[in-house]
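First the structure, in the form of structure tokens, and then the observations on it.
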Amino acid sequence: MNNRVFRISLTAALAGFLFGFDTVVISGANLPIKELWDTSPLFHGTFIMSMALWGTVLGALLGGIPTKNLGRKRTLFWVGVLFFVSAVGCAMAPEPYLFSFFRFVGGVGVGVSSVAAPIYISEITTSSNRGKLGGLYQFWLVFGILVAFISNWALKGFDGANDWRWMLGIEALPALLYTLMVLKIPNSPRWLISQKGDSEAALEVFKSIYSSEEAEKQIQEIKSNLDLTTSNEGLFQKKYSKILWLGFLIAFFNQLSGINFVLYYAPEILEQAGLGGKESLFNSIAIGIVNLVFTIIGVRLLDKLGRRQLIIIGSLGYIFSLIMVGICFQQQLSPSFTILFICLFVASHAIGQGAVIWVFISEIFPNRVRAFGQSWGTSTHWVFAALITLVTPIFLDDQEGYMKDSVWYIYYFFAGMMVLQLLWAIFKMPETKGVSLEELGRKLSGKSN
């Protein structure tokens, strides 16, 4: 693999680290903030736990605009700025409404990054290594989740009642570093051609990372593909209906697996399983390690087994593990069994949906509408993530939760949704490995050439 394209992709993918850290770090601050500001389940779910996700929804919905108009690189720079401002603001927030505002700002950064970073990586790579390099975003995402769990555990007891402020504020350091690193990567060559009409600049970028022959080949294929579309073509057209459904369904099933339900509320779920306090934070690290290890496996398999096969494998693991977690809670089995099956659930996600989703969405849309297509898929993902996170306290709260004594039904529901995902993957999901972005655009939109 070309070392320069690897380094460029690695830098862009670091947005995933901030994404993972920012979204999960709140798990360590969840209970301390609830006690500090004495929040009701509805207020806590809306303003503390899910506010970042509503920012993410906005960032994902609108992220296609700067990604298309400003460019992938400049958008990623501003993503880093948003994460930095959010981390500092949350750490210093004196009351819940200001805290919610800065969590919202960080959420916007997450949403925009989930649009811009996967697109940038897919556009800088070739079809032969797009899965591996696109998977770097997910790798850094789960590494960020792991680091957030470790950081929360390490900072527990560091400054007493202010522990949670340090947990949230420490993100400012990697956010600042990332912002500076993005300045050194080139613009996306496909963006330079499709939005700026600058073939010469695009050719220079390709020549800096590939052979002259490969660079010329890439330029000609991109130009040929763009000749089939108009410059201001809209996304919501009949010819793109299949692609829109593919982007919607993979994102829908991603969240209806229950993954964010488990990751965001890991300490609380583990306390319900009989592991409380700092022990629950420590066991959250085990979940993070499993997530990282199986993400690495999934990313390595993306260009070998393909996207569809990994979704099928992951679906089978989801179904079994979620049913078993439900049984563990229903039959009040040992906490060790519960942790085992939660880790199996996370492994199933990491090797399936986790490895596939961002690569798949960034691949299926044609060049001219890729930014808005990515926005469509990611905003679907984040709308359902926000809804699930918002309502979870209403069901889980140990005092007023509707299912505080029957939490297993939630896991059975998620297992049922994964049966539907399995059927979709078997009968409807196309394979995208080893096919150029331009060829995928033609195939999925019904154009032969």
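The shown structure was predicted, so the numbers you read here are calculated from the model rather than taken from an experiment. All values below come from the heavy atoms of this structure, side chains included, with hydrogens, waters and symmetry mates left out. Residue numbers count from 1 along this sequence.
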message: Can you tell me how the ring of Trp424 sits relative to the ring of Phe253, calling it parallel under 30°, perpendicular over 60° and tilted otherwise?
response: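 Rings of Trp424 and Phe253: tilted, 30 to 60°.
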- prompt: Parallel, tilted or perpendicular: which fits the ring planes of Trp245 and Phe248, with parallel below 30° and perpendicular above 60°?
  reply: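 Perpendicular, since the angle between the ring planes exceeds 60°.
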task: Check step by step if ring pair (Phe, Tyr, Trp, His ring centres under 6.0 Å) holds for Phe19 and Trp382.
output: CA-CA 12 Å; Phe19 168 170; Trp382 290 116; 5.1 Å; yes
Smallest separation among heavy atoms of [X] and [Y], with atom names:
| X | Y | result |
| --- | --- | --- |
| Ala13 | Tyr137 | CB-N, 3.6 Å |
| Gly298 | Leu310 | O-CD1, 3.5 Å |
| Pro430 | Phe360 | O-CE1, 3.8 Å |

task: Would you check, one step at a time, whether the test ring pair (Phe, Tyr, Trp, His ring centres under 6.0 Å) holds for Phe99 with Trp164?
output: CA-CA 12 Å; Phe99 176 87; Trp164 66 270; 5.7 Å; yes
task: Return yes if a side-chain donor-acceptor contact under 3.5 Å exists between Gln421 and Ser315, otherwise no.
output: yes
- prompt: Will you find, in the side chains of Glu221 and Ser436, an N or O donor that is under 3.5 Å from an N or O acceptor?
  reply: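 Yes, because at least one side-chain N or O of Glu221 sits under 3.5 Å from a partner of the opposite role on Ser436.
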query: Are Phe372 and Thr67 close enough that some pair of their side-chain heavy atoms sits under 4.5 Å apart?
result: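 No; the side chains remain at least 4.5 Å from each other.
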Side chain proximity check, Trp78 to Pro66, heavy atoms < 4.5 angstrom: no
field: Distance, nearest 0.5 Å, that separates CZ of Arg190 from OH of Tyr120
entry: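 These two atoms lie 12.0 Å from each other.
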- prompt: Can we call the ring centroids of Phe43 and Tyr97 under 6.0 Å apart?
  reply: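 So the answer is yes for these two rings.
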task: For residues Trp358 and Trp140, establish whether the separation of their ring centroids is below 6.0 Å.
output: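 Aromatic pair excluded; centres sit 6.0 Å or further apart.
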message: Please determine whether the number of non-hydrogen atoms from other residues, nucleotides or ligands lying under 6.0 Å from atom CD1 of Ile170 exceeds 12.
response: no
